[in-house]
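Working notes, structure below.
Both backbone and side-chain heavy atoms feed into the values below; hydrogens, waters and symmetry mates do not. For the single chain, residues carry numbers from 1 onward in sequence order. Since the structure is predicted, the reported quantities are computational estimates derived from the model, not experimental observations.
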Amino acid sequence: MKRRRFFQYSGLGGLGFLLTVRNSAFASTFAQLEGQSPLALETFEFTVNTVDQAGNIRQQQTRKARFFPESFRGGRNPAHEQANEQLEMVEITPGKFWMGPSRSEAQTSDAQTKALPRHQVNLSSFFISKYPITQSQWAAVAALPKIKRELNPAPSNFQGGSRPVESVSWLDAMEFCDRISQHTGRRYQLPSEAQWEYACRAGTETPFNTGETITSQLADYMASATYKAETVGDYRQSTVPVGSFSPNAFGLHDMHGNVWEWCADSWHRNYRGAPTNGQPRVTVSAQRSRTIRGGGWLDTPNKIRSASRSGYTETALNRTIGFRVMTV
């Protein structure tokens, strides 16, 4: 058995980690990057689906959002760059939202109390990747010069260039951010928990950005279990290519299911003392654990809700955890 595989999946349900991080853990190698080119934003159009408690589509809306494409090759070899090696960074407009379980969710279980107290957060604008980082994107960045640590160009358990990369640690994800920051001249980071949830909700206050429930036609998760009155769906038992399902109202795909996503924050068991400005909550303690959001292909619908959260050791590998990146 390969050493990497030894550290993989140990189950995420009910994990309680002591919080930890090094003082410099969140800080990128690049405190300030200058000389980055002005953004030329493009517009894309998409359809948003909302379902009722039975999982039936009750509304379809056409939306528009803006993004900029980020190239890993800097235009040096455009003929060799595949479309799925580019990042599409979607503009998220500033605003306020209530972070934590919606009013329609029961708040008595351990899973819900981890996301309390519900509190209002005020965020500035930012850009976040339309999809979780894919294996093709990961391989392209793994070929860039090392900053702090080596990267395995093909770490994933479920192989496929358009599938999300998984089996990468939080430290690996940080190295990814540092490499593209150096390469592009724009500072990339993992999103804070607040940024992640704001982007996931996309203006909704329901358990899912799809409404009061979700179905296997809208996300990749253990759909053999149900959340409301929807029928049992397909349990695929693996990741799927990113963008296989319709996006949320911000134009973001796979915010529910497929893979959990690393955030910048240390893992805290609740929101007591959490920032209200959208910044990551970083602390120092004996163990080093980080927050993960969104749920994955192996999780029941309760764990892929917009408010669902858990923690995982920053050095560990897991076939259900990937990430996406943000910039300002």
Side-chain angles (χ1 to χ4, degrees), residues 9 11-15 46-63 100-115 130-132 157-158 160 162-164 166 196-197 199-261 292-310 318-322 324:
Y9 192 74
L12 296 177
L15 289 179
F46 53 94
T47 300
V48 180
N49 292 306
T50 304
V51 298
D52 59 23
Q53 293 192 7
N56 300 312
I57 293 178
R58 63 177 178 82
Q59 187 178 51
Q60 287 187 314
Q61 292 182 311
T62 300
R63 296 288 187 93
S102 64
R103 292 185 176 88
S104 64
E105 296 171 74
Q107 299 182 7
T108 56
S109 72
D110 180 59
Q112 269 88 347
T113 57
K114 289 179 182 177
K130 182 188 286 189
Y131 312 105
N157 182 72
F158 302 105
S162 60
R163 291 182 187 233
E166 25 87 3
W196 192 96
E197 187 170 328
C200 175
R201 289 191 177 281
T204 64
E205 292 191 2
T206 47
F208 308 89
N209 59 40
T210 56
E212 291 296 332
T213 194
I214 198 164
T215 71
S216 63
Q217 285 71 49
L218 299 173
D220 179 32
Y221 64 101
M222 189 189 291
S224 52
T226 58
Y227 186 78
K228 286 287 189 179
E230 75 276 12
T231 58
V232 169
D234 297 327
Y235 175 28
R236 301 174 179 88
Q237 303 185 56
S238 71
T239 60
V240 298
V242 301
S244 295
F245 311 101
S246 58
N248 69 8
F250 283 165
L252 304 176
H253 294 257
D254 301 314
M255 298 299 290
H256 298 301
N258 214 356
V259 288
W260 287 87
E261 298 179 13
I292 52 176
R293 300 297 302 256
W297 58 270
L298 189 55
D299 291 290
T300 60
N302 183 59
K303 291 184 179 179
I304 69 167
R305 293 171 299 109
S306 299
S308 177
R309 59 193 296 269
S310 191
N318 193 299
R319 59 182 175 159
T320 70
I321 303 177
R324 70 180 74 211

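Here the closest non-hydrogen pair linking Ala223 and Asp234 is CB-O, 3.3 Å. When all heavy atoms are compared, the tightest approach of Val240 to Pro164 is O-CD, 3.2 Å. The minimum heavy-atom distance between Pro207 and Glu105, with the atom names listed, is CG-CG, 3.5 Å. Closest non-hydrogen pair, Arg63 versus Ala249, comes out as NH1-CB, 3.3 Å. Here the shortest heavy-atom pairing between Ala115 and Pro101 reads O-CD, 3.1 Å. The shortest heavy-atom contact between Gly322 and Val259 is N-CB, 3.7 Å.
Atom CZ of Arg305 is separated from atom CD of Glu197 by 9.5 Å, given to the nearest 0.5 angstrom. Interatomic distance, OH of Tyr131 versus CG of Asp254, reported as 8.5 Å (0.5 Å rounding). Between the CG atom of Asp220 and the CD atom of Gln237 there is a distance of 10.5 Å, given to the nearest 0.5 Å. Atom CD1 in Ile292 sits 7.0 Å away from atom CG in Asn318 (nearest 0.5 Å). Distance check, rounded to the nearest 0.5 Å: OG1 of Thr204 to CD of Glu212 gives 10.0 Å. Rounding to the nearest 0.5 angstrom, the gap separating the CZ atom in Arg309 from the NZ atom in Lys114 is 8.5 Å.
Using a 4.5 Å cut-off on side-chain heavy atoms (C-beta onward), Thr231 and Thr226 make no contact. In this structure the side chain of Pro247 never reaches within 4.5 angstrom of the side chain of Leu252, judged on heavy atoms. Ile321 is not listed as a side-chain neighbour of Glu166, based on a closest heavy-atom distance of 4.5 Å or more. Leu218 has its side chain within reach of Val51: a pair of non-hydrogen atoms, C-beta onward, lies under 4.5 Å apart. A heavy-atom distance below 4.5 Å is not found between the side chains of Ser244 and His253. Residues Leu298 and Thr320 meet the side-chain proximity criterion, which asks for heavy atoms closer than 4.5 Å. The shortest distance between side-chain heavy atoms of Tyr227 and Ile214 does not fall below 4.5 Å. At a threshold of 4.5 Å between non-hydrogen side-chain atoms, the residues Pro301 and Tyr221 count as touching.
At least one donor-acceptor pair closer than 3.5 Å links the side chain of Glu230 to the backbone N or O of Lys228. The backbone N or O of Gly233 lies less than 3.5 Å from no partner atom in the side chain of Ser216, so there is not a single donor-acceptor pair. Looking at Asn209, its side chain never comes within 3.5 Å of a backbone N or O of Asn248 through a donor-acceptor pair.
In the model, Ser246 has a side-chain atom that pairs as donor or acceptor with a side-chain atom of Asn49 under 3.5 Å. A side-chain donor from one of Trp260 and Asp299 sits under 3.5 Å from a side-chain acceptor of the other. Residues Asn302 and Thr300 bring no donor and acceptor atom of their side chains to less than 3.5 Å of each other. Side-chain polar atoms of Gln53 and Thr213 form no donor-acceptor pair below 3.5 angstrom.
Relative ring orientation between Phe208 and His256 is described as perpendicular, the plane-to-plane angle rising above 60° on a 0-90° scale split at 30° and 60°.
Checked for salt-bridge contact, Arg324 and Glu261 meet the test: a charged N lies under 4.0 Å from a carboxylate O. Salt bridge Glu205/Arg201: absent, no basic N to carboxylate O contact under 4.0 Å.
Ring centers of Phe158 and Trp297: under 6.0 Å apart, within the cut-off.
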Item to complete: Starting from the C-alpha separation in whole Å, work towards a yes-or-no answer on side chain to side chain contact (heavy atoms under 4.5 Å, CB included) for Met255 and Trp196.
Response: CA-CA 9 Å; Met255 298 299 290; Trp196 192 96; 3.5 Å; yes
Item to complete: Let me see the working for Ser238 and Arg319 under side chain to side chain contact (heavy atoms under 4.5 Å, CB included), right down to the final yes or no.
Response: CA-CA 9 Å; Ser238 71; Arg319 59 182 175 159; over 6 Å; no
